[in-house]
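Residues: numbered from 1 along the sequence shown. Note: hydrogens, waters and symmetry copies are ignored here, and every other heavy atom, side chains too, is used. Given the structure is predicted, the values throughout are model-derived calculations rather than measurements.
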Amino acid sequence: MAEADKSSPGAADAAAALTLSEYLVAFVLEIVRSPVNIGLVAVIVLLVYKIFFSSHKNQEAAAPIKQLPKLRRDFTVEELRPYNGTGPDGRILVAVNGNVYDVTKGARFYGPGGPYGAFGGRDASRGLATFSVVPGKDEYDDLSDLQTEEMNSVKEWEEQFKERYDLVGKLLKPGEPHTNYSDEEEEEGSQQDNEPKSKTE
């Protein structure tokens with residue numbers, strides 16, 4: 001009896017090892033026997049490959065952002081329209097809440113074929129307020145008919161545009177004159193030149 005007790009723990013380990021190996025063999029045979037299972041394994045392997053290896057290719061193949069000279073001027077709705085990413089320089093401008101932003105570095109979003117491509121060269125305020133990606137009106141939209149919640153949404157979008165993109169100028173109302181920004185910049189520059197002199201005196 002004592003010998004049977006000594007041999008039973010080793011026998012139990014051998015049986016467990018045999019059971020595990022039998023289980024693995026049965027598992028592999030089950031996969032191999034069914035074409036559906038083989039197909040599922042192939043799909044899983046393909047997805048794992050795409051997840052790990054295609055992400056590296058996307059990072060390497062990212063198109064360089066076009067470096068265009070800074071633009072500083074106001075636009076009417078008609079003047080804004082050609083800046084939809086299809087021009088020779090590919091510049092994309094979008095108006096939000098009366099301000100025009102250069103979104104060229106976000107061309108994959110606002111350029112032709114992008115999810116927000118309808119906003120390129122247009123006033124996007126109404127679309128952003130109503131969560132609708134359709135081209136804006138062909139004339140100036142004063143947004144006076146928007147609800148408070150919709151205007152708050154426009155203002156939130158405007159804050160995001162201010163953080164990410166360069167301000168170009170204003171979207172002009174009909175009859176509103178263009179601002180001459182070069183004069184303002186020269187005046188600001190001369191004021192800054194004069195300020196340090198007065199502080200040192």
Hey, can you pull the donor-acceptor pairs under 3.5 Å for the side chains in residues 79-88, sequence neighbours left out?
residue	atom	partner	partner atom	Å
E79	OE1	R73	NH2	3.3
E79	OE1	T76	N	2.9
E79	OE1	H178	NE2	2.9
E79	OE2	H178	NE2	3.4
R81	NH2	D138	O	3.1
N84	OD1	T86	N	3.1
N84	OD1	T86	OG1	2.6

List in chain and number order the residues that pass side-chain contact (heavy atoms from CB on, under 4.5 Å) with [X], two or more places apart in sequence or in another chain; answer none if no residue qualifies.
{"X": "E176", "value": "K170, L172, K173"}
{"X": "I38", "value": "none"}
{"X": "E156", "value": "none"}
{"X": "L29", "value": "V25, R33"}

Original post:
Apart from L47 itself, what residues make up its hydrophobic cluster when side-chain heavy atoms of I, L, V, M, F, W and Y under 4.5 Å apart count as a link, directly or indirectly?
Top reply: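 Result for L47 is V43.
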
Subject >> Hydrophobic cluster (4.5 angstrom, side-chain heavy atoms) - remaining members for V36 >> reply: L40

Can you name the residues that form a side-chain hydrogen bond (donor to acceptor under 3.5 Å, both in side chains) with [X], not counting sequence neighbours?
{"X": "E150", "result": "none"}
{"X": "S132", "result": "none"}
{"X": "N152", "result": "none"}
{"X": "D74", "result": "T179, Y181"}

Original post:
Taking 4.0 angstrom as the limit, do D145 and R126 come out as a salt bridge?
Top reply: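 Salt bridge present between D145 and R126.
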
**OP:** Only counting residues at least two apart or in another chain, list the ones meeting ring pair (Phe, Tyr, Trp, His ring centres under 6.0 Å) with F161.
**Re:** Y101, Y110, Y165

